[in-house]
Amino acid sequence: MGASRGGAGAEDSAALKVFAEVRHHRARLSRLMNAHDSARLVLGLLYLSRTAHAAPRSGVATWSWLQGKAAERSPRIGAAVSGCLAHWLAAPGIGLDDTGTRDSMPVPPPGADDPLRGLILAISSAQQVGALLDLCLSDLSAEQARGSHYFTPSDMARLMVGAAAPQDGHSVLDPVCGSGGLLAESHRYVRECVGLTPAMTLRGRDQHAPTSQVARMNLSVRGIKAHIFPPGDSLAEPEPDPYDIILANLPFNQHDWVLENQMGVGSRHGRSIPSDPRWPEQPPPKGSGNVAWILHIAHALAPRGRASFLMADSVAKSSQPSTQRLRERLLRADLVECVIALPPRVFGHTDATACLWVLNKDKQAQPGWGTIDRRGQVLFINARRSFERVAKSSARRLGDVHTARMPGHPGGLARCRGGRGRGHALPRRARLVSRLLDQGDHPAPARAHAHLVRRRVPRSRTRHAEPDQPVEARVGREAQPWARTRVAAAGRTGGDLMTSAAHRDSTSTEAWQATAIADFHPKDMYTTSGLLDDDAPEQAGIVSSTHVRDGRIQSPRTGGRNPGDSPPSRATLKEGDLAVVLVRRTGDTAVVTAEYAGWTATRSIGIIRAAPHVVRWLRIWLQTPTAKARIDEDVTAHVEPTVSLDTLRRMQFPLPPPDVVATYHRAFSLLEELITLHGEAARDAVELADAINDDWCSTTAAWEKRPLREVAKAKTGTGSARALAPHSNSLGVDAITPTDLFGLTVPHVERFRLSSPADATEVWPPGTFMLSTRPDGAHIAVTQHPATPTRCVLAVRPVDDTDGWWLLHELRNRSSDITQAAQGRNAREISARAFSRLSVTWPDSSTRARFHALADPLHTVARQLVSKVATLHDLKDALLRDIAAKADVVLEQEAEPGEEHVHPTRPPAIPQPREVTTRPRVRMVAGESVGT
């Protein structure tokens, strides 16, 4: 068994090595052509490695022929690749209809022979082409992500296919197939169920010819027979044939959509619109792309057909007449079986929130599917928090655990309908709602959406749900090891904080009230937004979103005049106001002090004016995971992430009594003061070493100047943060981006956000300097773990490790010189060659050793203080999770009238530590229990 595990580890290591080599050669190819086209060429080579095989002496270019060309380093390998692709993409008998897409394959540019040879040889050495294909598709999706144009993540595809549950012999359609991932997942799902190659009819269509070609190659490499229609708009006409299963990751909010027959046609022109069976009542109006897609799918379903598709949240909560009519029509036809509210940012390339809709034309009991008649009922699931955070990254994913706990998982909806389970139980609580639409009533958007975002805990069970345990027992499993080992590192003050915040009267939530800013009287709560653009230079005393950091207003612009010179307006700040960031770092807050009273807020700032204890509590509440998740649900990201002030007005929040607010305010004030003090002390230690270096250099003119190429090695990073594939295993290393460096006040970091697999030549050992530039100077960090730089980051390593501190402070004191050597937009790109030409002061070895003896203790203190700051941030996060846990109880007690809640029969549960990302918050109503 030990040998088996070693073999599996070796295979994983070999696969990662091959992928790193492929990515390296593709990066070289991307310097000669568009990054998206280079990714498609890699997919084309993978396609040839599986399909380009012919009989010997047939005179046809094959993959083995290309391998020989690459091994012999023959010239014009690019023309050979193009000819081979042109032949095999149009070859008969391979199950592909390449009409209209064969000529869309990119042509390798001149000078691409070397990277193409490397790609061919690397792909030839791959033992698992399927795994390499998945990684290449992930890279391609990252490259072409623009708005809603991205591929469906694999965990989302598993959830969607599991919700639809296709069977052998079914016909499956994806009207916006993209790379064909949903079709491939449905084939895999049925193959695992029946144990044989399924006899299914798989069809797909995409509007873009290059994407259609990617889908054909993807399915062909996997050995799946499917028919991909020629490129075109699926909404142009109804589907000619009905389908048993429809799967779709639909484009969100196509506001520019218009029915072709409506273009330039209307009643005022005296012309009628031709009838369309998809919308018998009236066609969707201009800009109603969401409505058109859902009606198109509903019309294309067979009499017992099912559909599983992703759609924007607006369909569930919009008050537009066309969307209200759509919901009414779906409910009256009893088509909706399930709606799942998905977590934000699980798509990787967009912040838009979405819901998974499951339509079913036959919800009655039927053999092989279920024994309970669910006609007239709709299952609503709140899975907003059912996600896993990717290690060292802000990305999120559903993950296998949370996907298995959702009813959309294989066996989930079947169990809900009384079918046989497949080894996965439903969550403890599910909500089935009947009589959602009464006769003559339109589905109110607030009520229909309320089932997705709210849940109720009966008052009889509140005692068991009350989070009355100490904070460190409820911060989640991922924080418990820290709570045991690092509380002492925060000192006695940190222990007092835990005591004051967790063991006083604030543990009880009986006196807490659920409210919203909109519920306050205008005299008690005033909200407004700024007036000026962020780039208004003539205004005196400007505060914008860039100036609100770490709970304080920092370094605002004065415009060269006294802030009091500005005429008062509704955007004039007053002492005690709460400034809320509405653009970029949405939800960040700061209380306006007397120093900034009279300053003017820009449009990126929202202003909340209320009683002091309400302002203090809102500042704390907006930092909690619950508040951030609700803000993320309504964030728009067309250019920059933006949240409206109306979202903040409508957001529900719990309001404790003033004395409880005062307790939390003291705790957070002390934490933030300690964070500030430790940060300033670490910065002072580093600046002291800077001053020693500067003083020695200014007082001793005899020291020589040496070019950096003689004392250090430098290399520019490649790849972008968007293209990273984060890994949490031991093969990953820290990936450093310019964003990680720009916000640093000291050159030491406790942890970085991203991790990436890389080959040995790209990994730099601990103690390497990572440098990035912008107009305000060079920003440097010293790594504590193996790391790799990304684009616009320069890795610098001293030739002798004992010279590291001298070199670091020379670079810091010559920050402006380094920036002048940078190129590109806003001085963001510096090459290793330009950097190596710069000169630094270089004394004799004994002087450098003496400086090392002085600077090393200072940097040791700075690293310790940075570690303490990380500990204090963990303490702060623990208190915020504690508040979020109590808030859940308070907000869940706000029940909707007229609903009955029945829970599965089970023994009384012992209260367990509350986790942050738990199973979906769902339960059942309508007098039935589902699952155990």
Side-chain angles (χ1 to χ4, degrees), residues 133-135 137-142 144-145 147-166 172-189 192 204 206 211 214-215 218 245-252 293 297 306-313 315-316 338-359 381-390 393-413 424 452 629 632-633 725-726 917 919-920 922:
L133 176 65
D134 291 334
L135 294 171
L137 284 174
S138 177
D139 271 5
L140 178 60
S141 179
Q144 75 171 24
S148 61
H149 192 53
Y150 56 89
F151 297 154
T152 308
S154 58
D155 50 359
M156 189 68 67
R158 287 194 298 271
L159 176 63
M160 296 175 63
V161 174
V172 182
L173 171 69
D174 186 348
V176 281
C177 65
S179 65
L182 290 175
L183 296 177
E185 177 62 25
S186 62
H187 184 274
R188 184 202 63 80
Y189 173 87
E192 288 187 354
D206 197 272
T211 311
V214 169
N218 179 23
I245 301 293
I246 298 180
L247 305 167
N249 184 356
L250 299 174
F252 295 172
W293 275 113
I297 290 175
R306 297 185 293 275
S308 175
F309 57 87
L310 295 173
M311 183 46 73
D313 272 355
V315 175
C338 179
V339 184
I340 303 176
L342 298 171
R345 296 202 300 273
V346 292
F347 298 108
H349 311 303
T350 177
D351 291 333
T353 53
C355 292
L356 174 61
W357 290 68
V358 181
L359 305 186
I381 301 169
N382 184 354
R384 292 296 190 202
R385 300 184 184 179
S386 300
F387 61 85
E388 298 174 358
R389 296 186 182 275
V390 179
S393 170
S394 60
R396 298 174 178 177
R397 62 189 175 200
L398 289 180
D400 294 333
V401 174
H402 296 294
T403 306
R405 289 172 177 170
M406 292 184 189
H409 185 269
L413 283 177
H424 296 281
L452 304 180
D632 289 345
E633 292 175 10
T917 54
R919 60 187 62 188
V922 292

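Because the structure is predicted, anything quoted here is derived from the model rather than measured.
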Between [atom1] on residue [X] and [atom2] on residue [Y], distance to nearest 0.5 Å:
| X | Y | atom1 | atom2 | answer |
| --- | --- | --- | --- | --- |
| Leu359 | Arg306 | CG | CZ | 11.5 Å |
| Leu183 | Cys177 | CG | SG | 6.5 Å |
| Tyr189 | Ile245 | OH | CD1 | 9.0 Å |
| Ile340 | Met160 | CD1 | CE | 10.5 Å |
| Ser179 | Asn218 | OG | CG | 5.5 Å |
| Asp174 | Thr152 | CG | OG1 | 7.5 Å |

Which heavy atom of [X] sits nearest to which heavy atom of [Y], and what is that distance?
| X | Y | value |
| --- | --- | --- |
| Pro251 | Trp293 | CG-NE1, 3.5 Å |
| Gly178 | Asp206 | N-OD2, 3.0 Å |
| Leu342 | Cys355 | CD1-C, 4.3 Å |

A side-chain contact here means heavy atoms from C-beta on lying under 4.5 Å apart; do [X] and [Y] qualify?
| X | Y | result |
| --- | --- | --- |
| Ile246 | Pro175 | yes |
| Leu356 | Ser308 | yes |
| Val161 | Leu247 | yes |
| Phe309 | Val358 | no |

Next on the checklist: Go through it in stages, so that I can follow the logic: the residues are Trp357 and Leu310, the test is side chain to side chain contact (heavy atoms under 4.5 Å, CB included), and I'd like the CA-CA distance, side-chain angles, deciding distance and then a yes or no.
Outcome noted: CA-CA 6 Å; Trp357 290 68; Leu310 295 173; over 6 Å; no

Next on the checklist: side chain to side chain contact (heavy atoms under 4.5 Å, CB included), that's the test. Do Leu250 and Ile297 meet it? Break it down for me.
Outcome noted: CA-CA 10 Å; Leu250 299 174; Ile297 290 175; 3.9 Å; yes

